[in-house]
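Reminder, nothing fancy here: chain letters follow the sequence lines and each chain counts from 1. The model shown is predicted, which means the values in this text are computed figures rather than measured ones. Atom set for the values below is all heavy atoms of this structure, side chains included, hydrogens, waters and symmetry mates excluded.
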There are 4 protein chains.
Amino acid sequence: MGSTSRRSDPDRRARIIATTLDVIAARGVHGATYRTISEAADVPLGSMTYHFPSRDDLVFAAFERFTEDLFSPLDTSTTGPDADEDPRERLVQMVVADGRDRQRDMVLLAELYVLAFREEHYAELMRQWMRRARAAITRQLPGVSAPVIDAVQEGLGLHRSLMPEDYTEDVVRRTLHALIPAPA
Amino acid sequence: MGSTSRRSDPDRRARIIATTLDVIAARGVHGATYRTISEAADVPLGSMTYHFPSRDDLVFAAFERFTEDLFSPLDTSTTGPDADEDPRERLVQMVVADGRDRQRDMVLLAELYVLAFREEHYAELMRQWMRRARAAITRQLPGVSAPVIDAVQEGLGLHRSLMPEDYTEDVVRRTLHALIPAPA
Amino acid sequence: MGSTSRRSDPDRRARIIATTLDVIAARGVHGATYRTISEAADVPLGSMTYHFPSRDDLVFAAFERFTEDLFSPLDTSTTGPDADEDPRERLVQMVVADGRDRQRDMVLLAELYVLAFREEHYAELMRQWMRRARAAITRQLPGVSAPVIDAVQEGLGLHRSLMPEDYTEDVVRRTLHALIPAPA
Amino acid sequence: MGSTSRRSDPDRRARIIATTLDVIAARGVHGATYRTISEAADVPLGSMTYHFPSRDDLVFAAFERFTEDLFSPLDTSTTGPDADEDPRERLVQMVVADGRDRQRDMVLLAELYVLAFREEHYAELMRQWMRRARAAITRQLPGVSAPVIDAVQEGLGLHRSLMPEDYTEDVVRRTLHALIPAPA
DNA sequence: GATGAATGAGCTTTCATTCAT
DNA sequence: CATGAATGAAAGCTCATTCAT
């Protein structure tokens with residue numbers, strides 16, 4: 001089992017981080033041990049601790065990556081509102097998006113909350129992420145309270161992940177429309 | 001060291017559960033081991049496994065208790081709306097309430113989400129809790145979408161625990177008022 | 001391999017301590033790991049940490065035992081000087097004693113010095129031991145400087161363990177006689 | 001971080017050895033790893049193993065240096081006895097000398113004993129050192145038993161490092177005077 | 001019923017050493 | 001020459017769980 005040659009493995013570091021996120025999503029931060037990750041990434045155990053001397057270095061790097069990945073599509077979309085479309089619709093679709101990715105994001109989000117409540121550097125990571133998310137919201141929807149929209153969207157997403165049938169696209173749309181005035 | 005007499009400890013079971021919740025709040029589900037709890041509750045290690053044969057029995061019992069405790073004030077309050085007061089105000093105060101208890105509840109909530117995403121019986125526990133919370137909301141605010149209100153309130157509470165200054169009482173009030181029509 | 005039944009192993013604790021001293025003598029404090037000791041004592045690894053939660057607990061217990069064992073023969077000998085014999089002779093024999101035991105004692109002594117220079121509780125253990133040794137010396141040889149005799153005897157013993165031929169019985173006797181006036 | 005330029009580091013080898021001795025004094029042979037030393041000496045890890053292929057090469061070189069350093073002042077002092085001074089006094093001062101250096105020497109001595117008891121090449125190193133020390137003693141104090149004086153001085157030094165108040169200058173002087181006849 | 005003792009499994013981390021560049 | 005990257009081995013320690021008493 002394993003790749004033919006492990007020597008000179010460029011971006012091994014990046015692969016370890018990506019794998020870590022997968023393992024956390026699948027088995028929780030608690031289940032993401034050096035061993036489980038090293039097996040999943042097909043990397044020797046000694047290599048893990050070489051690149052990430054402590055487990056927290058690794059977990060933190062993984063969540064840094066998570067917040068970047070999660071944010072970038074939202075950020076790079078358009079620089080300004082799209083004239084042709086109701087910009088509120090993009091938020092609706094974000095909450096309602098289905099599939100593995102969405103569920104995975106919610107799982108990782110909950111894990112990150114747990115860490116943030118316990119250790120300040122994770123709390124700070126979340127705050128940075130929130131600030132960036134708010135900036136993106138403001139760019140799309142000037143004039144609304146971005147903190148509120150962000151929080152509401154997250155609350156809906158979290159609940160929806162447990163009881164999807166109660167948070168249909170329609171419900172989500174009505175909620176967001178009640179909070180955001182229609183564009184001129 | 002310890003209590004003078006451990007014999008005849010009537011509600012030891014209940015005390016273990018309460019202590020477990022404390023330990024989870026303080027150190028996470030991960031840090032709530034038989035040992036840490038037995039020390040915190042001043043109960044012999046062997047007694048722990050006697051009352052709760054597996055660790056999950058204990059953790060689950062603790063979260064059952066948590067959802068009951070958290071819900072009861074809201075539930076037992078008044079059976080119907082209070083004529084003298086805007087019923088929306090009670091929700092505002094719930095989100096905005098400060099102090100240890102609120103923070104503790106958010107921490108435990110996040111821990112419970114993590115478990116719910118991983119194991120079905122925790123997911124089911126959360127759903128039951130949500131259903132009860134919605135019933136209480138409906139009782140106070142007939143005609144509103146209780147699922148939405150519950151989700152929004154939770155989203156606000158979670159964000160507020162990380163960035164309190166951005167979710168003032170006023171912000172919360174305005175958000176809820178936008179979603180709930182004023183009582184007649 | 002091993003004993004037929006490990007359950008109910010009375011004085012397992014004592015056996016672990018004795019084995020630890022053996023392993024330290026054979027392979028140094030550094031080589032006395034939970035694993036090497038558990039194998040030498042035919043005790044499961046988990047049992048080691050049950051009885052001695054930290055490695056230092058174990059090493060310290062071993063050296064406590066060492067200082068007691070080393071001291072007791074000297075202590076319990078006679079309550080007062082023996083009229084028939086020159087009491088200085090006993091000291092000479094202690095230094096000159098041959099065989100595994102003596103070498104082992106010197107090895108353990110050196111290991112203990114290393115610990116004492118680094119951690120106060122070992123330093124204090126050595127001081128207690130020295131005090132008891134001095135008391136025994138004073139009992140046998142009233143009027144002499146017990147601290148000096150103790151130090152000299154140790155210096156001779158240490159050097160003798162490396163270059164035995166240069167510290168014959170005669171050399172040792174002459175040295176001690178020069179420091180201790182002949183009994184009346 | 002570190003020195004501005006590591007290039008062209010002439011006596012890097014010597015600096016590594018000196019640093020190794022410092023690290024051993026501070027943290028023991030056990031704590032003197034390639035890593036701790038490379039950091040303390042601000043030398044790349046790869047450079048350590050280049051100059052000293054095995055850890056023992058390094059430790060042994062350090063103790064060779066130690067025995068030379070410790071000996072040289074005694075050796076190079078005067079070629080013969082100083083007419084003006086009681087030569088015994090120099091020994092007294094050596095034992096009684098205070099300060100970091102003395103303590104450090106005792107620590108390193110104990111560490112060296114531990115190695116000497118375990119591996120022959122360290123034992124031989126100590127014997128060579130002892131022979132040189134004896135020659136120096138004989139040069140200063142012709143006619144005395146240098147092995148005895150050396151051993152006694154060491155015993156006093158070792159005990160003094162643990163219980164300084166019991167080995168005052170006076171006690172040490174009296175002891176040595178009892179063993180060494182006054183010069184003519 | 002209650003509990004101290006016991007233990008196998010597994011975790012994080014450190015380390016000496018090797019080697020491609 | 002010099003060195004960063006790599007890695008197998010082993011260390012200290014924690015823990016859920018079992019079980020004899």
Given DNA chain E, 5'-ward residue of the pair Gly46(B) and Thr49(A), judged by closest heavy atom: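 Result: Gly46(B).
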Closest nucleotide of DNA chain E for Asp56(D) versus for Thr36(A): which of these residues is on the 5' side? Thr36(A)
[X] [atom1] - [N] [atom2] separation (whole Å):
X	N	atom1	atom2	answer
Arg35(B)	dT3(E)	CZ	P	16 Å
His51(C)	dG4(E)	NE2	C1'	10 Å
Tyr50(D)	dT17(E)	OH	C1'	17 Å
Ile16(C)	dT7(E)	CD1	C1'	12 Å
Glu39(D)	dC15(E)	CD	C1'	13 Å
Asp57(B)	dA16(F)	CG	C1'	12 Å
Ile37(A)	dG10(E)	CD1	P	16 Å
His30(C)	dA11(F)	NE2	P	9 Å

Sub-3.5 Å donor-acceptor pair from the side chain of Arg118(D) to the main-chain atoms of Val107(C), do we have one? no
Has Tyr34(A) got a side-chain N or O lying under 4.0 Å from the OP1 or OP2 atom of dT13(E)?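 Yes, such a contact exists.
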When you measure from the side-chain N and O atoms of Arg12(A) to the phosphate of dT7(F), is any distance below 4.0 Å, counting only OP1 and OP2?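 Yes, Arg12(A) has a side-chain N/O under 4.0 Å of OP1/OP2 on dT7(F).
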When Ala32(C) and Leu45(B) are each assigned the nearest nucleotide of DNA chain F, the 5'-most assignment goes to Ala32(C)
What distance separates Ile37(D) CD1 from Arg15(D) CZ, expressed to the nearest 0.5 Å?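 Rounded to the nearest 0.5 Å, the CD1-CZ separation comes out at 13.0 Å.
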Over 60° means perpendicular and under 30° means parallel, so tell me whether Phe60(A) and Tyr122(A) are parallel, tilted or perpendicular. perpendicular
Sort out the partner of dT21(F) for me: Watson-Crick or G-U wobble, both distances under 3.5 Å, none otherwise. dA2(E)
Check every strand shown and say whether Thr33(D) touches a base, only sugar-phosphate, or nothing at a heavy-atom separation below 4.0 Å.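 Here Thr33(D) touches the backbone only, sparing every base.
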Does Ser47(A) reach a base, just sugar-phosphate, or nothing at all? Heavy atoms under 4.0 Å. base
Presence of salt bridge, Arg27(C) and Glu111(C), under 4.0 angstrom: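 Judged by the 4.0 Å cut-off on N to carboxylate O distance, Glu111(C) and Arg27(C) do not form a salt bridge.
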Can you find a side-chain donor-acceptor pair between Arg12(B) and Ser47(B) that sits under 3.5 Å?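 On atom types as modelled, these side chains qualify, holding a pair under 3.5 Å.
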Closest to the Arg55(B) side chain, choosing from dT7(F), dT17(F), dG10(E): dT17(F)
